[in-house]
Amino acid sequence: MRDFADRVVLITGGAQGIGLAYVKAFADSGAKVVVADLADPSSAVAEVTASGGVAVGTQIDVTKASDAHRAVQCALESFGRLDILVNNAAYYGGMSFSTFDEIPEEDWDRSMNVNLKGVWLMCGAAATPMRAQAYGRIINIASNVVFMGKPNFLHYVASKGAVWALTNGMSREFAGTGVTVNCVAPGYTTTTATRSMGTPEQVQELEEQILEAQSVKRLLDATDMVGAVQYLASEGAAMVTGQTIIVDGGVIVG
Ligand SMILES: NC(=O)c1ccc[n+]([C@@H]2O[C@H](COP(=O)([O-])OP(=O)(O)OC[C@H]3O[C@@H](n4cnc5c(N)ncnc54)[C@H](O)[C@@H]3O)[C@@H](O)[C@H]2O)c1
C-alpha cells in the first residue's frame, strides 16, 4: 500500500496508543509523518525509521498557540508542505470519573484546553499552508461517548462533543478552499490509557459490558481506527466534509 506516497501527515498525540497506530499506518502507506506530542516522540520516530518509513518528531503542548505553529513549521521545514492533520492528542489517559458536580475544576479546564482548544489551535496553525496549497485533510478525533451520554465523565464527554460541533462548523468555513474537515469517533479501544482506568477487575467488568453493547463481538484495538482515518484522508473522500464516522463495533447505530 503506497496510497499516501509523498503526502505529509501531522499526527498529534502520536507517541503512543491509538495515535501511534496512525503514525505507523501512514508511514507504511508512504507518507512522511510528523509525530507531535507532549510526550517524547523519539521512540515512535525510531519505530517508523526502523521499518523503512519517514518520520520526524516534535515535542509540543497543543494548548499553546506557539507550539501548534511550531508543529506545523516542523512539517513545512522537514517536508515542504502539510497535507493531512490528525488531531488525536487528548487528555484521556489518567482522567478521573466523578459526577458532574464533583469534577475538580482543574480537570474540567485541562480537558477543555487539551481536547478542544488544542484542536482549534492546531487547525488554526494548519489553515494558512493548507489554504495556500488549496489542499488539506483535517481529521479530528472525538469519541462515541458524545452520542451515548456516558455518565460520570462529563468533562471528557463535553469536550469531545465540542470537537464534533467544531468539525461541522469549521468544514463550512473552509468552503471552496480544497480543505475538508471530518471527525472519527472511536468507541472503547484497548490501549494503555483505557487499561489503566481502574483496577484489573473494574476494567474487566467494563470490557464485558462494552462487548455486550457491541454488535461486533470483539474489543477494538488501536489498529481498528486506522481505516476510517485513512479513508477521510484519502482522495476517495474528496466530497466528504463535515462528517463523523463512528467506529465502535456497533454500539451507536443510526
Ligand atoms: N482509547 C479509547 O477507548 C478511546 C475512545 C474514544 C476516543 N479516544 C480518543 O482517541 C485518542 C487517542 O486515545 P488513546 O487511548 O491513544 O489515549 P492516550 O492517552 O494513550 O493518548 C493521548 C496522547 O495525547 C498526548 N497528549 C496529551 N496531552 C497533550 C498535549 N497537551 N499536547 C500534546 N499531546 C498531548 C499524550 O501524550 C498521548 O500520547 C484521544 O483523542 C482519545 O480521546 C480513545
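Every number for a ligand or one of its atoms is a count from 1 in the order of the listing.
Remark: Ala165 engages no residue in a side chain to side chain contact (heavy atoms under 4.5 Å, CB included) (not counting sequence neighbours).
If you look at ligand 1, the protein residues with a non-hydrogen atom under 4.0 Å away are Gly13, Gln16, Gly17, Ile18, Asp37, Leu38, Ala39, Ile60, Asp61, Val62, Asn88, Ala89, Ala90, Tyr92, Gly93, Val114, Ile141, Ala142, Ser143, Tyr156, Lys160, Pro186, Gly187, Tyr188, Thr189, Thr191, Ala193, Thr194.
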_Let's go through Ser96 and Asp107 carefully: what are the C-alpha distance in whole Å and the side-chain angles of both, what is the deciding distance for side chain to side chain donor-acceptor pair (under 3.5 Å) to 0.1 Å, and is it a yes or a no?_
CA-CA 8 Å; Ser96 55; Asp107 261 24; 2.9 Å; yes
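Side-chain contact of Asn113 with Thr63: a donor-acceptor pair under 3.5 Å is absent, judged by distance alone. Counted by atom type alone, Thr167 and Asn140 present one or more donor-acceptor pairs between their side chains at under 3.5 Å.
For residues 34-55, the salt bridge (charged side-chain N to carboxylate O under 4.0 Å, His left out) pairs, not counting sequence neighbours, are Lys24-Glu47. Applying the salt bridge (charged side-chain N to carboxylate O under 4.0 Å, His left out) rule to pairs touching residues 164-180 yields nothing, sequence neighbours excluded.
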